[in-house]
Amino acid sequence: MVKYLVSITVLATVLATVQAQLKGYPPSEKVPDVKSAQVKAWLKEVDLSGAPKIPIAKGIPGDAPKCNKRQLPNECHWTCFDCAADDITVCPRANTWGLTFDDGPTAATPALLDYLKSKHLNATFFLIGSNVAALPKHVQREVAEGHHLASHTWSHTALTTLTNEQIVAEMKWTEKAVLEATGLRLKYMRPPFGDINNRVRYVLKKLGYLVVDWTGDEFDTNDWDPELSDSKKIALMTKSLNKYAAGKRTKGFYMLQHDQSASTVKLAPKLLPLGIARNISFGNVPVCQGDSQPYQAVVKAPVV
Ligand SMILES: *[C@@H]1O[C@H](CO)[C@@H](O)[C@H](O)[C@H]1NC(C)=O
Ligand SMILES: *[C@@H]1O[C@H](CO)[C@@H](O)[C@H](O)[C@H]1NC(C)=O
Ligand SMILES: [Zn+2]
């Protein structure tokens, strides 16, 4: 009898692992179709008629568009003009490393969760919606272990290269996937490549989103860059953190990190101790912002 019970448990675990892919979502790595019934319904709920008439930028696949020199400064394009408008670019909390990981969930995510758990640290995960639909279990585990979830769009396409309607589709499919997996309606987002202008901001605001960038190049770990060695990445971060630690530390910073692959996840346990060694404390977006309601809605208790 005991043997029998054990095998039932094992079977249930296997099923739970094999199953788990959200159904009825658009293909991954592609901007969702704006003509689908679902996107049409979302578009009816939002009035975009006041959106600034800024032309759609020409894309470079897998990257942000090149900055157009003739772009007007009032377009307020963060990646081209350093103009962040009311985007969040620093962690307002003193002496705090704003811990954020982008582009997950992936097969590499559980190893990062193990590490963060061992250090009792809670991060914000800027999730790619299509990855959430593929690996909802990882996202459920993030919630169960005290992490905060935020949006990084459906397909990770540069948002200034998309129409207003496509931006709605990118955000709402991601929102739906996370809602289905966890019962949480996202409130914070980070634009892929940090690519944003006032037109994109307008649409995001209409959907109820707050934008969180990172604190500029000095706080980009470059963990994503295969052309830079780990020792170079560690040296660059050491320099940035030395400079930060020598200052007044009255505000914190948002660091750019990724759980997109095993190599980015392996770098985290080498970088975070640099902060610990300098007595920098850690927080996620809700901790940095002092936000006790870091979601637009909590629809139901997370299913874990
Ligand atoms: C992380 O989240 C867990 C669960 O919500 C909480 O108990 C813990 O205090 C948090 N840890 C930190 C360092 O904030
Ligand atoms: C470490 O940082 C905390 C604030 O984050 C501060 O209260 C404490 O005094 C610092 N300790 C040292 C040794 O600098
Ligand atoms: Zn990204």
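Just so you know, ligand 1 is whichever comes first in the structure, and atom 1 is the first atom listed for that ligand. Values reported hereafter were calculated over all heavy atoms of this structure, with side chains retained and with hydrogens, waters and symmetry mates removed.
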Let me see the working for Arg201 and Asp87 under salt bridge (Lys or Arg N to Asp or Glu O under 4.0 Å), right down to the final yes or no. CA-CA 9 Å; Arg201 287 188 181 96; Asp87 305 344; 2.9 Å; yes

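Distances from the Zn ion (ligand 3) show that Asp103 has an N/O/S atom below 2.8 Å.
Of all atoms in ligand 2, listed by their number and element, those nearer than 4.0 Å to a heavy atom of Ser281 are 5 (O). Listed by number with element, the atoms of ligand 1 under 4.0 angstrom from any heavy atom of His120 are 13 (C).
A distance below 6.0 Å separates the ring centres of Phe253 and Tyr244. Proximity of the aromatic rings of Tyr188 and His148 is defined here by a centroid distance below 6.0 angstrom, and this criterion is met.
Atom 5 (O) of ligand 1 has as its closest protein heavy atom Gly146 CA, 3.7 Å. Of all protein heavy atoms, the one lying nearest to atom 8 (C) of ligand 1 is Asn122 ND2, 3.8 Å.
Between Phe125 and His147, the two ring planes are perpendicular [angle over 60°; tilted spans 30° to 60°]. The aromatic rings of Phe282 and Trp97 lie tilted to each other, with the angle between the two planes from 30° to 60°.
Distance check on atom 2 (O) of ligand 2: some protein heavy atom falls below the 4.0 Å cut-off.
Of all N/O/S atoms in His152, NE2 sits nearest the Zn ion (ligand 3).
Not a single donor-acceptor pair under 3.5 Å links the side chain of Asp225 to the backbone N or O of Asp223.
Here atom 10 (C) of ligand 2 lies nearest to Asn279 when heavy atoms of Asn95, Ile280, Asn279, Thr96 are compared.
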